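Here the structure comes first, spelled out in structure tokens, and everything after it is commentary.
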Amino acid sequence: MHKDIATPLRTRGILEKYGFSFKKSLGQNFLIDTNILNKIVDFAELEADSGAIEIGPGIGALTEQLAKRAKKVIAFEIDQRLLPILEDTLSPYHNIKIFHQDVLKADVAQIVKEEFQDSQDLMVVANLPYYVTTPIIMKLLSEGLPIRGMVVMLQKEVADRISASPGTKDYGSLSIAIQYYTEAETVMVVPKTVFVPQPNVDSAVIRLTRRPEPLVKVKDENFFFTLIRASFAQRRKTILNNLTSQLPGGKEKKEQIISALEAAGIDPARRGETLSIVEFGLLSDLLVPNFS
Ligand code: SAM
């Protein structure tokens with residue numbers, strides 16, 4: 001029996017064998033704790049028939065644990081230098097396919113379609129590169145992949161913002177964008193000591209469970225997100241001030257904005273951070289005729 005990749009000793013051996021040097025610019029912080037990895041995989045609740053999609057396999061620490069529990073694993077890795085290493089470390093497993101691609105540029109939907117069965121249970125499970133956590137999550141959610149959800153490690157500060165509720169300091173456009181598509185929960189806070197090299201920030205694991213339908217049904221999704229970004233542009237300003245100063249032509253449309261806020265039962269003196277997603281949805285539908 002070979003030892004798990006994610007032990008300090010085996011990881012060090014692999015890195016030395018290949019003379020691998022970490023690239024900070026690619027967010028390379030590898031996990032060296034099998035317990036944490038097992039917990040991450042537990043949170044994904046994979047079945048024997050499930051498929052797993054990983055972003056950034058590194059030297060294969062998480063990929064290996066996924067391969068033991070899922071039917072098939074696909075992984076996107078940007079760093080060419082890791083490919084021969086992965087071929088070596090993951091050679092005992094025959095249910096893994098690595099794609100040498102930048103996940104942000106990859107046609108993930110097409111690859112998923114080709115690699116998995118139509119009705120197969122699919123989860124994204126990853127220890128994300130921290131310099132691009134938000135774009136990766138938003139890409140995977142907004143492209144309508146047929147996934148049940150995601151279990152991902154990221155910076156604790158971003159996890160706090162993603163799972164925040166209205167009225168809290170962390171609540172903002174990121175919370176709304178992600179909660180629009182999913183139910184978000186922080187399931188584990190992770191110490192720096194389980195990574196090599198240790199990151200500068202604290203980490204957490206979040207679980208995103210895809211909603212069958214987005215949380216609110218809006219007439220114009222683009223305007224809904226424009227409205228949300230505008231509402232949080234300056235957190236200390238009222239919703240009315242943010243909307244008049246941030247929406248295109250907002251100053252001239254102040255009266256219409258006030259009417260829409262009143263029709264939605266929203267006091268124009270409230271701050272954006274106190275509005276629920278449902279209130280933003282209502283406001284968006286009332287305002288969109290004035291901005292299209
Ligand atoms: N999964 C491994 C682990 O847990 O030990 C490595 C995780 S490390 C935090 C992030 C990985 O993502 C690195 O292997 C890095 O090279 C890769 N990566 C960075 N940017 C990427 C991108 N745009 N597309 C695909 N992989 C990327």
Side-chain angles (χ1 to χ4, degrees), residues 3-15 18 20-44 52-70 73-90 93 96-109 111-112 123-140 143 145 150-156 158-159 188 190-206:
K3 275 216 172 63
D4 284 327
I5 297 167
T7 58
L9 202 63
R10 175 114 195 268
T11 295
R12 197 179 325 129
I14 294 166
L15 298 176
Y18 288 93
F20 185 81
S21 53
F22 293 101
K23 270 202 188 141
K24 227 178 162 176
S25 61
L26 291 180
Q28 294 180 335
N29 301 95
F30 296 169
L31 276 164
I32 48 164
D33 186 316
T34 315
N35 283 330
I36 297 278
L37 283 169
N38 277 324
K39 282 192 194 153
I40 294 174
V41 182
D42 285 346
F43 285 124
I53 303 161
E54 189 189 359
I55 319 302
I59 59 169
L62 176 59
T63 328
E64 170 180 61
Q65 304 304 329
L66 289 170
K68 289 183 192 169
R69 301 236 218 136
V73 185
I74 68 166
F76 295 87
E77 176 54 64
I78 198 171
D79 188 347
Q80 165 86 51
R81 301 171 307 153
L82 289 165
L83 298 192
I85 306 183
L86 286 164
E87 201 156 307
D88 176 5
T89 58
L90 298 175
Y93 305 93
I96 301 172
K97 197 156 166 185
I98 307 285
F99 290 83
H100 175 220
Q101 285 189 42
D102 175 346
V103 71
L104 292 175
K105 297 192 182 139
D107 189 346
V108 180
I111 291 173
V112 165
M123 281 297 277
V124 171
V125 188
N127 169 20
L128 292 174
Y130 289 0
Y131 74 107
V132 275
T133 40
T134 310
I136 291 177
I137 295 175
M138 287 312 298
K139 173 181 168 129
L140 299 177
E143 289 189 352
L145 297 179
M150 304 191 196
V151 174
V152 290
M153 172 99 76
L154 33 57
Q155 309 92 307
K156 180 169 179 303
V158 179
M188 184 163 58
V190 179
K192 293 177 182 156
T193 48
V194 301
F195 300 92
V196 58
Q198 293 189 14
N200 296 325
V201 294
D202 291 324
S203 300
V205 175
I206 58 166

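As the structure is a prediction and not an experimental result, all values here were calculated from the model. Counting convention: from 1, in listed order, for ligands and their atoms alike.
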Inset, instruction - May I ask you to check whether over 12 heavy atoms, not counting those of K192, lie within 6.0 Å of atom NZ? - result: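 Atom NZ in K192 is crowded, with more than 12 foreign heavy atoms closer than 6.0 Å.
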Legend entry - More than 12 heavy atoms of other groups within 6.0 Å of Q198 CD: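 Check passes, neighbour count above 12.
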Under a 4.0 Å heavy-atom limit, does [X] contact ligand 1 with its side chain, its backbone, both, or neither?
X    : answer
Y130 : neither
E54  : side chain
P57  : backbone
L82  : side chain

Report yes or no: does [X] contribute a side-chain atom to a donor-acceptor pair with the main-chain N or O of [Y] at less than 3.5 Å?
X    : Y    : answer
R81  : Y18  : no
E64  : L90  : no
K139 : L104 : yes

Residue selection (non-hydrogen contact nearest [atom]) among [options]:
atom                    : options              : answer
atom 5 (O) of ligand 1  : V125, N29, L31       : L31
atom 17 (C) of ligand 1 : K139, M153, E77      : E77
atom 1 (N) of ligand 1  : G58, G56, A61, A126  : G56
atom 8 (S) of ligand 1  : G27, P129, P199, S25 : G27

[atom]: the protein heavy-atom neighbour that sits closest, reported with distance to 0.1 Å:
atom                    : value
atom 19 (C) of ligand 1 : L26 O, 3.2 Å
atom 27 (C) of ligand 1 : I78 CG2, 3.5 Å
atom 24 (N) of ligand 1 : V103 N, 3.0 Å

Any atom of ligand 1 sitting under 4.0 Å from a heavy atom of [X]?
X    : result
Q101 : yes
L104 : no
L37  : no

Legend entry - Partner of D79 under side chain to side chain donor-acceptor pair (under 3.5 Å), chosen from Q28, H100, K23: Q28
Just which atoms of ligand 1 are under 4.0 Å from any heavy atom in [X]?
X    : value
Y131 : 19 (C), 20 (N), 21 (C), 23 (N)
D102 : 22 (C), 23 (N), 24 (N)
N127 : 3 (C), 4 (O), 7 (C), 8 (S), 9 (C), 10 (C)
Q28  : 13 (C), 15 (C), 16 (O)

Legend entry - Validation row: K156, V201 side chains within 4.5 angstrom (heavy atoms): no
Inset, instruction - Have a look at V190 and tell me which of L154, N127, I36, I40 forms a side chain to side chain contact (heavy atoms under 4.5 Å, CB included) with it. - result: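 By the side chain to side chain contact (heavy atoms under 4.5 Å, CB included) criterion, V190 pairs with just one of L154, N127, I36, I40: I36.
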Legend entry - Closest non-hydrogen atom pair between A109 and L145, with its separation: CA-CD2, 3.5 Å
Inset, instruction - Return the minimal non-hydrogen interatomic distance between I98 and L83, and the atom names on each side. - result: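 Looking at all heavy atoms of both residues, the closest pair is CG2-CD2, 3.9 Å.
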Inset, instruction - Look up atom CZ in F99 and atom CD1 in I53, then write down how far apart they are to the nearest 0.5 Å. - result: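 These two atoms lie 10.5 Å from each other.
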